[in-house]
There are 2 protein chains.
Amino acid sequence: MEDGTSKAPSYCTGTDADQARQWDVRADCDVRNILDRVADKWSLLVIALLDRQTMRFSELRRTVDGVSQRMLTVTLRRLERDGLVRRTVYPVVPPRVEYELTPLGISLHEVIKSLVIWTEDHQQEISDARSEFDRRELEAAVS
Amino acid sequence: MEDGTSKAPSYCTGTDADQARQWDVRADCDVRNILDRVADKWSLLVIALLDRQTMRFSELRRTVDGVSQRMLTVTLRRLERDGLVRRTVYPVVPPRVEYELTPLGISLHEVIKSLVIWTEDHQQEISDARSEFDRRELEAAVS
DNA sequence: CAGTATCCCTTTTGATACTG
DNA sequence: CAGTATCAAAAGGGATACTG
């Protein structure tokens, strides 16, 4: 632990622990830049919602509970910029704009899906852990 | 798309599309609460770093580039509260505090790992998409 | 060493009003 | 309908000083 090689965790796909994948954790690295986008509250929800379906702006707005018009716009633009979502504008009046996942977005969704499923599967454990933590904290505060 | 069942994406594990997993997207639902924690800048990094190793506070501070002492403390407390990280205090002078993943944390790390790997594998595509988007935007701004 | 407490600045987000 | 623009509120986060 004192030799400096422990700095980055290795996402090694092989047998040894430090060859294949070395994670760059610099604040300005690409992985961090992308993760900051992906690991975003609204992005995750939007990507999940666009699973195998095209949705209009207003549909998304109604479905993603709590999102403001502004944040939905911002989120969709970022996802579009990252090549995860395709935006199609139909030149009609009133305007009709549809959003759908790109192939890249679909591949990300596969990963996100497992995250959401993990969350669903473990929400009780987490909820219990929180209660227990809070209980102990309260107990400690009394004494 | 107009029948109301399209509201929640189905994370169906079976053959049909709406039975097994229905995602609750209410703003106050458990999944959202937990996802907000997981989808956090520092949490992801800390969990990844604690992969198969125990680390001291100062080690984490040095390794997670850019994190402040305050944010590291806050992040670790949240992870501990959620039952993802175990905090062990050794009653020595100077204090020695070690952090490690709990079994729950380890299982989450498996999922996060695939997210990080996805990011690494697709960073070039995303980078290209961003350049292309920005180029078109600039082009549109000129006209 | 491993924090906590405080202050303060910056970024993010939400509400509101307006537009092609 | 699907935005954009603007402003205000809130959260996030950094720097510093202090403590068991």
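In what follows, chains carry the letters A, B, and so on, assigned in the order in which the sequence lines appear, proteins first and then strands, with residues in each chain numbered from 1.
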Nearest-neighbour nucleotide for the A/R56 side chain, D/dA2, C/dA2, D/dG3 considered: D/dA2
CZ/B/R136: more than 12 non-hydrogen atoms of other groups inside 6.0 Å: no
A/S58, nearest nucleotide to its side chain (from C/dG3, D/dC1, D/dG3): D/dC1
B/Q69 side chain near B/R61 side chain, heavy-atom distance below 4.5 Å: yes
Connected via hydrophobic side-chain network under 4.5 Å: A/I106 and A/V116: yes
Value rounded to 0.5 Å, distance of CG in B/L72 from CH2 in B/W42: 9.0 Å
Donor-acceptor contact below 3.5 Å, side chain B/S114 vs main chain B/V111: yes
Heavy-atom check, side chain of A/M55 versus side chain of A/Y99, under 4.5 Å: no
Whole-Å distance separating the CG atom of B/L76 from the P atom of C/dA2: 11 Å
A/S107 side chain reached by B/W118 side chain, heavy atoms, under 4.5 Å: yes
Atom-pair distance (CG on B/L60; C1' on C/dC1), nearest Å: 13 Å
Contacts of B/R56 that satisfy side-chain contact (heavy atoms from CB on, under 4.5 Å) - sequence neighbours left out: B/S58, B/E59, B/R96, B/E98
Nucleotide N/O of nucleotides 12-20 of chain C paired with protein N/O under 3.5 Å:
residue, atom, partner, partner atom, Å
C/dG14, O6, A/R70, NE, 3.4

Sugar-phosphate, base or nothing in reach of B/Y99, heavy atoms under 4.0 Å: sugar-phosphate
Rounded interatomic separation in angstrom, taking CG from B/L72 and P from D/dG14: 11 Å
Secondary-structure stems for DNA chain D, with pairs counted as Watson-Crick or G-U when both distances are under 3.5 Å and runs at least 3 long: C:1-20 with D:1-20
